[in-house]
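Notes to accompany the following structure.
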There are 2 protein chains.
Amino acid sequence: MTESFLKIEDVAKETGLTKRAIRYYEEIGLISAPQRSERGTRLYTQEEIEKLNKVVLAKEVLGFSLQELQQFIQLDEEIEKRRRDYRQAPGPKKREELHQLSEGLEKQINFIQYKMEKMQNFKHELEELNQRITDFFRQERQD
Amino acid sequence: MTESFLKIEDVAKETGLTKRAIRYYEEIGLISAPQRSERGTRLYTQEEIEKLNKVVLAKEVLGFSLQELQQFIQLDEEIEKRRRDYRQAPGPKKREELHQLSEGLEKQINFIQYKMEKMQNFKHELEELNQRITDFFRQERQD
DNA sequence: ATTAACCTTTACGTTAACGTTAGATATGTT
DNA sequence: AACATATCTAACGTTAACGTAAAGGTTAAT
């Protein structure tokens, strides 16, 4: 019946990570420590799995190191926190922090934009090469 | 007067790599060995620099490992070779090779496409976060 | 009740991609 | 000619991101 706690192997299967990697991510503080059962077994929530999936995606797709990811996550969490804390009462110092957060975000956005443009170029080159090959076959059929 | 040979430090400056990295890339076969002076000093051509710059770009932007890059480069070189060799006389076995090249290219293209889509999603998320922050400031100005 | 299959921590091993140091030449400058 | 610089090879060092093995405890099933 009590079905909602997930052990580490379930998490591993859902994220594609190994159990070792998951523990390692926790060890270096990339993800926060999950709840434990009375005997010490790690129990994960669905939310934590989604967080891990995000990590995996950002790592594999963006090619970020775990250190870089840590900064992203930190950014993300601070924003979440701010959103809760200062909904009605953003003090004057906090506004400065918000500005800095925004600047950090813009930097990251530009960086991704830059990467995407370069990737587009690269893709274009590959497509041109492939076009030449298929052109060759087409030409041959007209023999 | 003889100005056209570039020593390794020049290459390092133009590519942003270290001398060690350049020798290492040669060592693992990522780039081919350049000419040497009589006494053994590596002498690079402009073409080789451009090749290295491509490597740097692909590594940093695409987040590829040197192993993955090796496959890309191999692909690229084989295509170049084929283009010279079989312009008029593509034997029957070679046509099979061409097909395989094309398949390899398409895989890589799809892979890049996949990456770009995920990056787009990621970028969107960051932009939404940033939007919330700037929205907050805008709202405040209407106080 | 004894396997089998999990979980845990601890700790040493591994691979990629270089960094660093050493020792021997080479080149360029005054 | 001497001196600072740069180049070479060879070899050991380093860091990140885990892999793997050992030793022990728990739970599930036969």
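No experiment lies behind these values; they were computed from the predicted model shown.
- Partners of A:Arg20 by salt bridge (Lys or Arg N to Asp or Glu O under 4.0 Å), not counting sequence neighbours, listed by chain and number: A:Glu27.
- The residue from B:Lys115, B:Gln113, B:Gln120 that alone fulfils the side-chain hydrogen bond (donor to acceptor under 3.5 Å, both in side chains) condition with B:Glu117 is B:Gln113.
- Per the geometry, CD belonging to A:Glu27 stands 12 Å off P belonging to D:dC18, to the nearest Å.
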Under 4.0 Å protein heavy-atom contacts per nucleotide of nucleotides 11-23 of chain C, with B for base, S for backbone only and - for none: B----SBBBB---
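- Put simply, the side chain of A:Asp10 gets close to the backbone of A:Lys7: a donor and an acceptor are under 3.5 Å apart.
- Nucleotide C:dT9 holds its P atom 7 Å from the CZ atom of A:Arg23, rounded to whole Å.
- We find that CD of B:Glu26 is positioned 12 Å from P of D:dA10, with the value rounded to whole Å.
- In this structure, CD of B:Glu9 is placed 5 Å from P of D:dT7, rounded to the nearest angstrom.
- Residues forming a side chain to side chain contact (heavy atoms under 4.5 Å, CB included) with B:Glu38 (at least two apart in sequence, or on another chain): none.
- DNA chain C is contacted by B:Arg39 of residues 34-52 of chain B, taking any non-hydrogen atom closer than 4.0 Å.
- In this structure, the NZ atom of A:Lys13 is 13 Å from the P atom of C:dA5, given to the nearest Å.
- Taking CD of B:Gln131 as the start and CZ of B:Arg138 as the end, the distance is 6.0 Å to the nearest 0.5 Å.
- The separation between B:Leu6 atom CG and D:dT7 atom C1' is 15 Å, rounded to whole Å.
- A search for ring-ring contact (aromatic ring centres under 6.0 Å, His included) contacts involving A:Tyr24 returns nothing, not counting sequence neighbours.
- At a threshold of 4.5 Å between non-hydrogen side-chain atoms, the residues B:Ile49 and B:Asn53 count as touching.
- Residue pairs that meet the salt bridge (charged side-chain N to carboxylate O under 4.0 Å, His left out) test with at least one member in residues 54-73 of chain A, sequence neighbours left out, are A:Lys54-B:Glu125.
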